[in-house]
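Report on one structure; see the data block that follows.
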Amino acid sequence: MSSKLVSMREAIAAHVHDGDTVAIEGFTHCISFAAGHEIIRQKRRNLTLARMTPDLIYDQMVAAGCAKKLIFSWLGNPGVGSLHAIRRRTEPAALAAGESLLEIEEYSHHGMVGRYVAGAHRLPFYPLRSYSESDLPKVNPLIRKVASPYGGEEIWAVPPLNPDVTIIHAQRADAEGNVQMWGLLGCQKEAAFAARRVIVVVEEIVPTSVIRSDPNRTIIPGLIVDAVVCEPYGAHPSYVQGDYDRDNAFYREWDVISRDAAATEAWLQEWVYGVEDRAAYVAKFGADYFTQLTPPPAPSGSVDYGDYR
Amino acid sequence: MSSKLVSMREAIAAHVHDGDTVAIEGFTHCISFAAGHEIIRQKRRNLTLARMTPDLIYDQMVAAGCAKKLIFSWLGNPGVGSLHAIRRRTEPAALAAGESLLEIEEYSHHGMVGRYVAGAHRLPFYPLRSYSESDLPKVNPLIRKVASPYGGEEIWAVPPLNPDVTIIHAQRADAEGNVQMWGLLGCQKEAAFAARRVIVVVEEIVPTSVIRSDPNRTIIPGLIVDAVVCEPYGAHPSYVQGDYDRDNAFYREWDVISRDAAATEAWLQEWVYGVEDRAAYVAKFGADYFTQLTPPPAPSGSVDYGDYR
Amino acid sequence: MSEQRPASKSELMVVASARALTGKRVCFVGVGLPNIAVNLAKRTVAPEMELVYEAGVFGANPARLPLSIGDPTIVTGSTATVSMHDLFGLYLQGGRIDVGFLGGAQIDRFGNLNTTVIGAYDAPKTRLPGSGGACEIAINAKEILVIMRQSTRSFVQTLDFRTSPGNLGGADEAAKIRTAQGWGGRGPTGVITDLGVYGFDDDGEMVLRSLHPGATLEEVRASIGWEIRIPHDVPATPAPTVEELRLIREELDPTGAYVS
Amino acid sequence: MSEQRPASKSELMVVASARALTGKRVCFVGVGLPNIAVNLAKRTVAPEMELVYEAGVFGANPARLPLSIGDPTIVTGSTATVSMHDLFGLYLQGGRIDVGFLGGAQIDRFGNLNTTVIGAYDAPKTRLPGSGGACEIAINAKEILVIMRQSTRSFVQTLDFRTSPGNLGGADEAAKIRTAQGWGGRGPTGVITDLGVYGFDDDGEMVLRSLHPGATLEEVRASIGWEIRIPHDVPATPAPTVEELRLIREELDPTGAYVS
């Protein structure tokens with residue numbers, strides 16, 4: 001098979017276009033900040049940003065002017081508080097002169113998962129037992145009732161979500177894009193299968209033989225992957241199970257920075273526009289910074305697949 | 001947590017009753033023949049036997065008079081041919097005097113998977129893109145059309161299947177019933193979550209610490225498990241990835257045995273009624289028999305979860 | 001031990017919440033106070049309890065107090081780490097969760113919750129996080145416990161937005177709709193605040209069940225935006241034990257980040 | 001090599017099937033002849049092909065020829081081993097399968113297939129295995145190749161049961177229904193038998209495309225239950241190469257269990 005290994009610059013240039021619907025997924029774990037920052041550097045505009053939890057990365061992308069719309073289920077700085085850049089684009093009183101409100105399309109967690117599942121399974125809708133007597137369907141006409149063909153019962157449905165591009169981060173992949181990850185799996189598999197194009201970012205490129213030694217660990221096959229980027233620490237300040245911890249101090253720091261539009265812009269200038277790529281970002285922190293985020297090992301142990309010949 | 005470890009005799013006595021809907025799942029891999037044989041020995045009657053691929057185990061249970069109905073998607077001896085005992089109960093010309101035809105409820109593979117998924121997710125139906133212009137919905141009124149709430153399109157649906165008891169076999173579990181397996185996963189997770197009661201049969205009981213060292217490998221939590229049975233070689237003549245190979249010679253032998261009702265009965269007398277339990281069945285084969293089915297190792301390798309404290 | 005300082009309001013909330021979990025088996029954990037409460041319960045009144053995190057973890061055994069709902073410490077050493085599709089579909093909607101903890105910016109007398117907006121949805125005064133998993137937890141967990149600090153801004157006559165349904169307009173309506181629409185649970189059963197513990201009466205309306213040490217009925221009334229039902233003899237919430245406070249202060253939140 | 005014995009009918013089928021996979025990327029494999037054909041194609045005309053087994057394996061790399069569709073050898077060394085929910089939902093229904101191989105007890109002129117019963121459904125003369133994954137493979141794989149031996153019992157005027165839809169009553173009807181009902185694929189594109197290779201014409205009806213070495217048009221006509229469409233100049237199927245036969249006989253089926 002042919003290698004899909006490219007730089008982040010190449011991956012974003014080739015696969016993320018103005019006006020696209022982009023899903024950078026990963027629930028707290030393995031969020032591709034490296035991809036988000038490169039999208040900011042390449043000045044993509046009018047993106048529809050889909051993500052269960054927009055987290056800091058979408059706050060930064062919104063602050064940088066990349067987004068026209070958000071599709072999400074929980075809008076916050078997890079464990080800390082608000083996403084202030086996004087709030088400035090969603091609360092009329094906080095809106096700066098010349099800015100417009102972001103479009104908002106809002107679900108619950110199960111609903112967002114269901115949208116990706118429907119997209120990935122090529123289903124016209126995904127049924128679920130949520131939304132009953134909630135006001136969410138009143139403000140989101142895409143949340144609809146569906147009648148069961150087995151009785152009078154009506155439950156709720158969400159429509160498929162098929163992003164133009166889904167970007168995920170993981171521990172390892174081979175050059176063809178066969179991806180293995182462990183720890184929180186979020187909805188990455190479903191978001192990737194639902195997408196028209198997939199960019200995979202990993203801490204480490206491994207030989208295909210490593211992937212094939214534990215095939216149950218594979219969450220996404222190279223078949224659906226368009227680009228593979230090797231980007232150590234590419235998920236910082238989020239984390240990669242076993243590789244580095246969440247930089248909780250930065251999550252708290254962002255709460256302060258992002259309250260102020262000028263401070264936010266200054267941060268983007270220094271840490272996004274001001275660095276060429278993720279390697280430069282990592283170098284700017286210094287190696288010691290990441291050493292203190294590295295946990296001692298907790299090995300899974302090995303299982304035996306058996307050599308059947 | 002309290003141990004759920006019991007003998008197979010106790011597990012079947014406590015959890016499988018006459019008239020129950022029973023699902024012994026496992027797609028070629030990890031089929032609990034040990035449980036099926038104990039159900040035969042305990043002379044359960046009028047069971048509805050659900051399974052994607054009835055395989056030899058349901059052929060044997062039908063021959064032994066346990067079943068009144070089959071729910072399935074593919075009825076055969078995989079890689080060999082027909083299930084002759086079941087054919088004798090489904091083809092009027094082959095029916096013995098005094099016997100009645102089995103009730104038949106038939107789906108496709110995706111449909112059977114969908115039935116378990118709906119049962120496990122507590123959904124009133126599962127939508128899928130199958131059955132269009134097939135005759136299957138004509139002979140199974142439970143396969144119905146469902147209208148998408150997002151446009152004129154109609155697709156197909158199957159109803160939930162909630163077995164009274166699901167029985168699965170796996171490589172390992174702890175005494176609480178946290179189950180880990182690798183290799184073909186079939187629909188065991190969904191069939192177990194859909195069931196009212198769950199019996200887990202494993203090759204090996206491991207300390208909970210082994211389970212907790214690789215939590216992504218867990219397919220079923222002890223929470224939904226009622227009984228744990230340790231039964232080495234309990235899946236023979238099917239196989240357990242890494243532990244032993246499929247006994248293809250027996251699958252071919254069954255094709256000969258099962259063509260003849262008397263030979264089938266003689267086989268049941270010798271290998272099911274004539275042995276007290278699975279340990280006696282294994283002993284009757286002799287240790288060497290299983291040694292030749294044991295593959296050389298093919299280790300998965302270990303991954304690192306990180307010790308976060 | 002004799003030097004132990006008195007319980008703070010946060011500590012009173014945590015201890016009362018932990019006790020509400022007595023004998024419970026499977027609890028959907030939120031971060032912050034619920035997280036500490038659940039971990040306290042596991043060490044005291046509910047040793048067999050399994051912690052479920054919406055991020056996809058069942059049987060978590062965190063070696064440190066998780067800061068976020070998806071902290072890596074909830075994964076390492078857990079019984080099962082699964083996709084969110086499985087977590088929300090098989091575990092929550094499938095009916096395997098006994099207790100879900102919720103909070104919110106606003107609650108009404110029937111335990112309905114708002115975590116979406118203050119003000120109009122299209123032009124909010126304050127944009128809140130939204131549902132996350134709250135809407136489906138409210139519908140599908142077998143029962144709901146709410147943890148919130150009292151104030152007339154949060155205990156309101158009318159919600160600005162109903163994110164997560166509670167007892168709707170009252171017990172009768174709620175019972176009918178739960179059956180008709182196949183909800184998995186019976187809705188809110190308790191509200192634990194900084195001043196007291198509340199239950200729900202036969203009308204489905206919130207009622208004071210016990211008053212925390214140091215709190216007064218006047219404080220209770222003054223911080224609730226409707227006329228709260230208060231029975232004649234309201235007992236005092238039993239004070240935290242020495243051991244409960246020790247566990248919180250020394251093991252669960254040694255830096256006092258949450259319970260101060 | 002000069003001693004190589006002539007190709008058997010099974011070998012002709014396998015070689016023709018393998019060649020039909022030229023350049024294909026993702027193939028849903030059945031056991032028996034399709035399995036050998038696909039493995040031959042991977043070694044000759046389609047080296048980049050990924051083998052998908054309905055049992056839940058993507059990118060299989062079997063070290064021996066699998067006897068059953070769920071042989072452990074398809075798992076060890078595969079790229080991904082997944083649940084059947086994922087295999088049928090994400091891979092097949094999701095539109096990731098280029099070619100599906102099907103066979104059956106009966107096929108009609110439009111490539112519709114029966115694998116369910118001979119005789120009446122409720123009182124069958126012969127109870128066949130049923131659909132398995134065939135019904136959804138027929139609908140969702142981008143194209144379908146059929147491998148079957150010819151006889152008037154199997155190439156029939158009218159199916160006893162339509163398990164898996166092909167071109168229905170003809171190309172126009174099939175095209176309309178595929179669009180209206182959102183099928184993922186375009187249905188059958190080839191039928192490979194022991195006598196020849198067939199395609200489908202603009203009417204959606206089976207038509208002879210090439211005649212295997214040694215087979216005659218008389219044999220073809222005599223073993224098909226309808227008047228098969230045969231163009232004026234039917235070419236001969238190019239004979240198996242020395243290397244193709246060597247691969248089958250020495251590597252893929254050394255015991256001759258399938259291709260004898």
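In what follows, chains carry the letters A, B, and so on, assigned in the order in which the sequence lines appear, proteins first and then strands, with residues in each chain numbered from 1.
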Counting heavy-atom pairs under 4.5 Å with chain A, which one of [options] comes out on top?
| options | value |
| --- | --- |
| Ala147(B), Gly242(B), Gly151(B) | Gly242(B) |
| Arg144(B), Gln171(B), Arg172(B), Lys145(B) | Arg144(B) |
| Asp307(B), Thr294(B), Ile155(B) | Asp307(B) |
| Val303(B), Val240(B), Val146(B) | Val303(B) |

Tell me whether the count of non-hydrogen atoms from other residues, nucleotides or ligands lying under 6.0 Å of NZ in Lys138(B) goes above 12. no
What residue in [options] has the most heavy-atom pairs under 4.5 Å with chain B?
| options | result |
| --- | --- |
| Pro160(A), Pro215(A), Ser148(A) | Ser148(A) |
| Asp243(A), Leu128(A), Val210(A), Leu142(A) | Leu142(A) |
| Ala118(A), Ala157(A), Pro127(A) | Pro127(A) |

Mind running side chain to side chain contact (heavy atoms under 4.5 Å, CB included) on Ser302(B) and Ser300(A) for me, showing each step along the way? CA-CA 5 Å; Ser302(B) 180; Ser300(A) 69; 3.4 Å; yes
Hey, are Arg217(B) and Asp214(A) close enough for a salt bridge, meaning a charged N less than 4.0 Å from a carboxylate O? yes
How long is the straight-line distance from [atom2] of [Y] back to [atom1] of [X], given to the nearest 0.5 Å?
| X | Y | atom1 | atom2 | result |
| --- | --- | --- | --- | --- |
| Asn216(A) | Asn216(B) | CG | CG | 11.5 Å |
| Asp245(A) | Arg309(B) | CG | CZ | 12.5 Å |
| Tyr126(B) | Leu123(A) | OH | CG | 6.0 Å |

Answer with side chain, backbone, both or neither: which region of Ile143(B) has an atom nearer than 4.5 Å to a non-hydrogen atom of chain A? backbone
Answer with side chain, backbone, both or neither: which region of Pro159(B) has an atom nearer than 4.5 Å to a non-hydrogen atom of chain A? both
Kindly indicate whether the side chain of [X], heavy atoms from C-beta on, has any atom under 4.5 Å from the side chain of [Y].
| X | Y | result |
| --- | --- | --- |
| Asp304(A) | Gln241(B) | no |
| Pro124(B) | Tyr150(A) | no |
| Phe125(A) | Pro149(B) | yes |

Closer than 3.5 angstrom, by distance alone: can the side chain of Tyr308(A) be matched with the main-chain N or O of Pro296(B) as a donor-acceptor pair? no
Residues of residues 177-191 of chain A with a heavy atom under 4.5 Å from any heavy atom of chain B, in residue-number order, are Trp182(A), Gly183(A), Leu185(A)
